[in-house]
Amino acid sequence: MATAVLRLWPDALLDIGPPTEEGFYYDFELKHRFTPDDFPKIEEEMRKITKENQVFEKSIQTRAEALAYFESKGQTFKVQRMGDIPEGEPISFFKNGEFVDLCAGPHVMRTGNVKPGGIKILKVASAYFRGNEKNPQLQRLYGTAFKNKEELDNWLLMQEEARKRDHRKIGTEMGLFAMDPEYVGPGLPLWLPKGTVLVEELERLAKETEFQAGYVRVKTPHLAKEKMYKTSGHLPYYAESMFPPMEMLEEDERKKRDALMERRADLIQLAEGMGKAIAPNPSGYTEEQVRHDIQKLETEITLLGGRYYLKAMNCPHHHRIFAAEPRSYRDLPLRLAEYGTCYRYEQSGELFGVMRVRSMNMNDAHIYCTAEQFAEEFRAVNEMYLKYFKIFGLDRYQMRFSTHDPARLGQKFVNEPELWKKTEDMVRQVLIESGINYVEVANEAAFYGPKIDVQVWSAIGREFTIATNQVDFAVPARFGLTYRDRDNTEKTPLCIHRAPLGTHERFIGFLIEHYAGNFPLWLAPEQVRVLTLNDEAPLVEYAKSITAELRAQFVRVEGDWSANPVKAKIANAETSKVHTMLVVGQRDLEAGVVSVRLHGKGNVGAKPRGEAIADLLTSIRERRA
RNA sequence: GCCGGUGUAGCUCAGUGGUAGAGCAACGGUUUCGUAAACCGUAGGUCGUCGGUUCAAUCCCGACCACCGGCUCCA
């Protein structure tokens with residue numbers, strides 16, 4: 001592709017072009033802006049190149065030769081990329097026809113190995129050079145190539161099928177949720193009645209599971225004073241992702257606070273100057289005194305209060321619940337659970353259907369425990385994850401173990417090298433013992449401790465972090481949380497943050513794509529619909545009595561005894577993805593049976609009414625797939 | 001937030017410098033029928049918002065908002 005682009009636009013600057021899961025891309029810097037109208041032209045040129053059947057020739061050059069080559073071509077990005085190759089490593093080049101590029105290895109031996117019909121340019125987008133938003137943006141051309149046209153067409157067809165599973169599309173079609181950016185706001189989904197069913201079924205699952213695992217439930221407000229997030233350490237590091245605070249102060253109080261803050265800023269500057277001890281300090285005002293006064297001002301400012309933040313996480317509230325009563329080692333582990341609603345001001349371009357939103361319901365819980373209890377608790381949490389994955393038939397997942405980076409202690413990560421090592425060892429131990437498939441990634445931990453993120457892939461191939469399990473050895477101490485131990489001393493507990501079902505928003509978005517909207521019976525918004533062959537009174541009576549019986553058993557059932565032809569009624573029920581249809585006609589009425597039809601599977605035959613109902617109830621109770 | 005694209009009825013989409021259509025859904029009738037769509041009719045829109053060009057703008061231009069594809073970031 002790069003060869004073709006260079007032929008068409010010789011002034012294009014090249015960055016790099018690696019393969020991806022669906023093909024490949026190449027980044028270019030070019031005055032001309034690519035549009036889809038250019039795609040056929042580029043494809044045409046690529047086809048010519050495949051016909052030329054150029055051989056990919058490898059050559060090794062010295063660093064100086066390579067640099068000189070790219071500099072002579074004015075390829076500044078390539079020159080920068082050269083810096084990424086470690087000193088002493090051979091610099092390999094590949095040449096095909098007139099095109100020469102830095103490359104670790106060719107993906108095919110000759111351009112002719114790709115048949116002209118198998119090539120397609122997919123889309124153009126932009127990307128930051130080296131993925132850093134401070135760097136210039138390049139134009140990224142995505143393309144794909146298959147051995148021949150048939151394989152390409154097959155792949156395109158699959159892409160088309162995948163698009164049909166998009167949770168935004170199905171969510172609208174099925175009436176699960178709605179977005180109202182004009183009145184409610186972007187990223188603030190409204191759960192419609194059918195989507196709320198999913199929300200509540202998941203909550204019920206979580207509540208049952210957590211109850212059995214010894215959790216207790218709590219409820220906390222959606223906002224808190226500024227002091228909360230200063231203490232937790234989320235401010236100012238997290239402020240970017242939080243909704244701006246609500247200012248509660250009256251005009252004069254605000255002036256007072258601003259004055260105090262100004263004074264504080266001055267003192268901080270003074271203290272810094274003193275630290276460097278540039279000038280003599282005739283006033284006799286010592287650095288220690290200044291620090292003390294800053295502290296006093298801090299307290300005064302926070303006591304004025306006046307600022308409330310919508311919570312972006314539940315942990316601080318739970319910490320205050322821990323602090324609300326004196327705790328003994330006998331109370332531990334204390335597992336506080338809540339489906340807490342959090343608000344995060346995600347950047348506008350990051351919003352994505354219901355998968356990435358600004359208001360979210362988290363399947364949250366915080367486990368306060370001793371260091372001795374930690375491994376057992378952590379293992380129990382992991383097991384809960386696996387239990388959920390089994391229920392949802394989720395087999396493509398990966399645990400991502402995120403650890404700290406010792407070089408960034410005190411900046412990105414709290415400066416507790418020993419605790420980091422200790423907790424990371426504990427987590428690693430649990431992972432190895434449980435035989436869980438995981439990868440370890442450095443420098444990705446939370447500021448307060450290592451974490452495990454669970455990556456899942458939806459049927460469409462979208463990858464998401466759906467759940468998280470984090471260790472926190474820092475924030476409980478910042479809140480001064482303690483329990484009285486056996487030896488009558490106060491100790492600080494460890495805290496495990498966990499959210500196996502993530503947020504309703506992302507989890508449901510994921511489930512929609514996972515099931516393509518065809519939910520298992522226990523989750524289905526409309527579980528059963530009773531359909532009559534016609535609208536004659538005795539038949540309608542029969543259908544109504546079945547409906548009433550199911551409804552009394554809390555089955556989500558609707559009835560359709562309209563005068564429409566049964567074919568039409570079935571078509572309606574099928575398009576609404578009703579899980580089970582009970583079709584009744586004169587025959588069924590006389591025999592006391594119902595004809596069972598399953599969504600997507602068709603008619604499965606008649607069953608005695610009582611048996612059909614019992615089967616439904618069992619499947620729901622057992623949450624069968 | 002950045003780059004590019006898009007914005008017409010509840011949904012999917014046509015369309016034009018002289019103030020708008022189709023299918024499905026909705027509503028009213030007719031149809032009484034055994035496993036994916038019976039027929040007739042009715043209603044529905046400040047053509048994302050604001051401004052500009054023009055005799056005239058849904059169409060051309062600009063700004064903003066929102067959404068989509070990426071990047072960055074994340075549950």
Side-chain angles (χ1 to χ4, degrees), chain A residues 25 27 33-36 122-142 166 168-169 172-175 178-182 185-187 238 240-241 312-313 342 344-358 360-364 444 446 451 453-456 463-470 497-507 509-510 531-536 539-540 561-576 581-588 595-606:
Chain A
Y25 65 79
D27 287 347
R33 297 228 66 107
F34 292 124
T35 68
L122 298 169
K123 58 197 168 193
V124 59
S126 81
Y128 297 102
F129 177 56
R130 285 185 170 158
N132 186 329
E133 60 181 323
K134 308 266 184 311
N135 286 339
Q137 288 200 324
L138 308 172
Q139 298 191 70
R140 178 169 294 178
L141 269 183
Y142 285 87
D166 191 302
R168 291 165 298 190
K169 187 173 156 63
T172 309
E173 285 167 357
M174 290 184 74
M179 290 292 182
D180 188 353
E182 193 180 348
Y238 210 80
E240 280 282 284
S241 312
M313 63 293 295
C342 298
R344 295 183 186 175
Y345 197 78
E346 304 291 354
Q347 296 185 61
S348 59
E350 287 163 355
L351 299 176
F352 177 66
V354 93
M355 297 270 211
R356 190 78 183 272
V357 290
R358 286 180 175 160
M360 65 210 87
N361 292 278
M362 290 185 77
N363 169 226
D364 220 349
E444 293 282 317
K451 65 174 179 174
D453 286 328
V454 182
Q455 312 285 117
V456 292
E463 180 191 348
F464 275 99
T465 300
I466 204 117
T468 181
N469 189 4
Q470 316 180 348
H497 305 236
R498 39 111 284 171
L501 297 177
T503 64
H504 278 321
E505 287 71 18
R506 185 169 291 180
F507 201 77
F510 174 81
L531 314 175
T532 57
L533 259 298
N534 55 53
D535 67 346
E536 279 159 16
L539 198 51
V540 173
W561 28 80
S562 63
N564 289 329
V566 73
K567 278 178 175 249
K569 295 193 199 183
I570 285 169
N572 281 339
E574 289 282 354
T575 35
S576 321
M581 287 149 272
L582 300 179
V583 182
V584 294
Q586 192 60 29
R587 263 180 0 222
D588 305 287
S595 294
V596 182
R597 184 190 165 99
L598 298 179
H599 169 60
K601 296 196 179 77
N603 190 2
V604 295

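Scope of the values below: all heavy atoms of this structure, side chains included, with no hydrogens, waters or symmetry mates. Each chain gets a letter, A, B and so on, in the order its sequence line appears, and its residues count up from 1.
Counting non-hydrogen atoms under 4.0 angstrom, A/T575 reaches a base of the nucleic acid. At a threshold of 4.0 angstrom between heavy atoms, the contacts of A/N363 with the nucleic acid are absent. Nucleic acid contact for A/K601: none, since no nucleic acid atom lies under 4.0 Å from a heavy atom of the residue. Residue A/L533 is in base contact, counting any heavy-atom pair closer than 4.0 Å across all strands shown. Base contact: A/R587 has a heavy atom under 4.0 Å from a base atom. Counting non-hydrogen atoms under 4.0 angstrom, A/T465 reaches the backbone sugars and phosphates but no base. Within the nucleic acid shown, A/N132 has no heavy atom closer than 4.0 Å to any nucleic acid atom. Residue contacts for A/A568: at a heavy-atom cut-off of 4.0 Å it reaches the sugar-phosphate backbone alone, with no base atom in range. Contacts of A/G131 with the nucleic acid, taken as non-hydrogen atoms under 4.0 Å apart, involve only primed sugar atoms and P, OP1 or OP2. If you check every strand for non-hydrogen atoms under 4.0 Å, A/R168 touches sugar and phosphate atoms only. A/Y142 comes within contact range of the sugar-phosphate backbone alone, with a heavy-atom separation under 4.0 Å but no base atom that close. Using a 4.0 Å heavy-atom cutoff across all strands shown, A/A573 reaches no nucleic acid atom at all. Nucleic acid contact for A/M362: none, since no nucleic acid atom lies under 4.0 Å from a heavy atom of the residue. Within 4.0 Å (heavy atoms only), A/R140 reaches sugar-phosphate atoms of the nucleic acid but no base atom.
One side chain, A/S595 or A/D588, offers a donor N or O that lies under 3.5 Å from an acceptor on the other. Residues A/T465 and A/Q455 bring a donor and an acceptor atom of their side chains to less than 3.5 Å of each other.
Note on A/K567: a side-chain N or O is less than 4.0 Å away from OP1 or OP2 of B/A37. Proximity of A/K123 to the phosphate of B/G5: no side-chain N or O atom is located under 4.0 Å from OP1 or OP2. In this structure, A/R597 reaches the B/A36 phosphate: one of its side-chain N or O atoms is under 4.0 Å from OP1 or OP2. For the pair A/R356 and B/C68, the criterion of a side-chain N or O lying under 4.0 Å from OP1 or OP2 is not met. For A/S126 and B/G70, the shortest distance from a side-chain N or O to OP1 or OP2 is not below 4.0 Å.
Between B/A56 and B/U8, the two P atoms lie 27 Å apart (nearest whole Å). Annotation: B/C27 and B/A43 have their C1' atoms spaced 7 Å apart (nearest Å). On the P atoms, B/G18 is 29 Å away from B/C64, given to the nearest whole Å. Rounded to a whole angstrom, the distance from the C1' atom of B/A9 to that of B/G4 is 29 Å. Rounded to whole Å, the C1' atom of B/C61 lies 14 Å from the corresponding atom of B/G17. Comparing the C1' positions of B/U16 and B/C60 gives an interatomic distance of 13 Å, to the nearest angstrom. Comparing the same atom, P, in B/A36 and in B/C47 gives a spacing of 43 Å after rounding to whole Å. Remark: the separation of the P atoms in B/A26 and B/C11 is 15 Å, to the nearest Å.
With a 3.5 Å ceiling on both atom-pair distances, B/U53 lacks any Watson-Crick or G-U wobble partner. Pairing for B/U31 is absent, judged as Watson-Crick or G-U wobble with the two contacts each under 3.5 Å. Here B/C47 sits opposite no nucleotide as a Watson-Crick or G-U wobble pair (both hydrogen-bonding atom distances under 3.5 Å). Both distances falling under 3.5 Å, in either a Watson-Crick or a G-U wobble arrangement, place B/C13 opposite B/G21. When both pairing distances are held under 3.5 Å, B/A36 makes no Watson-Crick or G-U pair with any nucleotide shown. Across the strands present, B/G69 finds its partner in B/C3; the criterion is a Watson-Crick or G-U wobble pair with both atom distances under 3.5 angstrom. With a cut-off of 3.5 Å on both Watson-Crick or G-U wobble distances, the partner of B/U42 is given as B/A26.
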>> I'd like to know whether A/Y128 forms a side-chain contact (heavy atoms from CB on, under 4.5 Å) with A/K134, so could you lay out the CA-CA distance, the side-chain angles of the two residues, the decisive distance to 0.1 Å, and finally the verdict.
In response: CA-CA 8 Å; A/Y128 297 102; A/K134 308 266 184 311; over 6 Å; no

> Could you go step by step and tell me if A/L582 and A/V596 meet the side-chain contact (heavy atoms from CB on, under 4.5 Å) rule?
Replying inline: CA-CA 5 Å; A/L582 300 179; A/V596 182; 3.9 Å; yes

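Between the C1' atom of B/G4 and the CG atom of A/D27 lies a distance of 14 Å, rounded to the nearest Å. Residue A/E463 contributes atom CD, which lies 14 Å from atom P of B/C74 at whole-angstrom precision. For the pair A/N469 CG and B/A75 P, the interatomic distance rounds to 13 Å; values are reported in whole Å. B/C73 atom C1' lies 13 Å from atom CE of A/M360, rounded to whole Å. Summarising the geometry, the separation between CG on A/L141 and P on B/G4 is reported as 15 Å, rounded to the nearest angstrom. Rounded to whole angstrom, the span from the CZ atom of A/R358 across to the P atom of B/A66 amounts to 8 Å. Going from atom CD of A/Q347 over to atom P of B/C71 covers 14 Å, rounded to whole Å.
For B/C2, the base has a donor-acceptor partner in the side chain of A/Q137 [N/O atoms by modelled type, under 3.5 angstrom]. One cannot find a donor-acceptor pair under 3.5 Å joining the base of B/C3 and the side-chain atoms of A/Y128. Donor-acceptor pairing under 3.5 Å, judged by distance alone, is absent between the side chain of A/T172 and the base of B/G10. With hydrogens and angles left out, the side chain of A/E346 and the base of B/A75 share a donor-acceptor pair within 3.5 Å.
When each of A/Q139, A/R130, A/Q137, A/R140 is tested with A/D27 by the rule side-chain hydrogen bond (donor to acceptor under 3.5 Å, both in side chains), just one qualifies, namely A/R140.
Side-chain proximity of A/A125 to B/G70, B/A66, B/A36: nearest is B/G70. Closest contact between the side chain of A/S348 and the listed nucleotides B/U32, B/G1, B/U35 involves B/G1. Distances were taken from every side-chain heavy atom of A/N603 (C-beta onward) to each of B/C67, B/U35, B/G34; the shortest belongs to B/U35. Distance from the side chain of A/N572 is smallest for B/A37 among the nucleotides B/A37, B/C3, B/G1. Here B/A38 is the nucleotide among B/A38, B/A36, B/G34 with the atom lying nearest to any side-chain atom of A/N564. For A/S595, whose side chain is taken as the heavy atoms from C-beta onward, the closest listed nucleotide among B/C74, B/G1, B/G34 is B/G34.
Residue whose closest nucleotide on RNA chain B sits further toward the 5' end, between A/G187 and A/Q470: A/G187.
Taking CD of A/E574 as the start and NZ of A/K567 as the end, the distance is 13.0 Å to the nearest 0.5 Å. Between A/K169 atom NZ and A/M174 atom CE the span is 13.0 Å, to the nearest 0.5 Å.
A tilted orientation is assigned to the rings of A/Y142 and A/Y25, their planes being inclined by 30° to 60°.
Closest approach of A/V357 to A/M179, counting heavy atoms only: CG1-CE, 4.4 Å.
Residues A/N603 and A/M581 form no side-chain contact, since every pair of their non-hydrogen atoms from C-beta on lies 4.5 Å or further apart.
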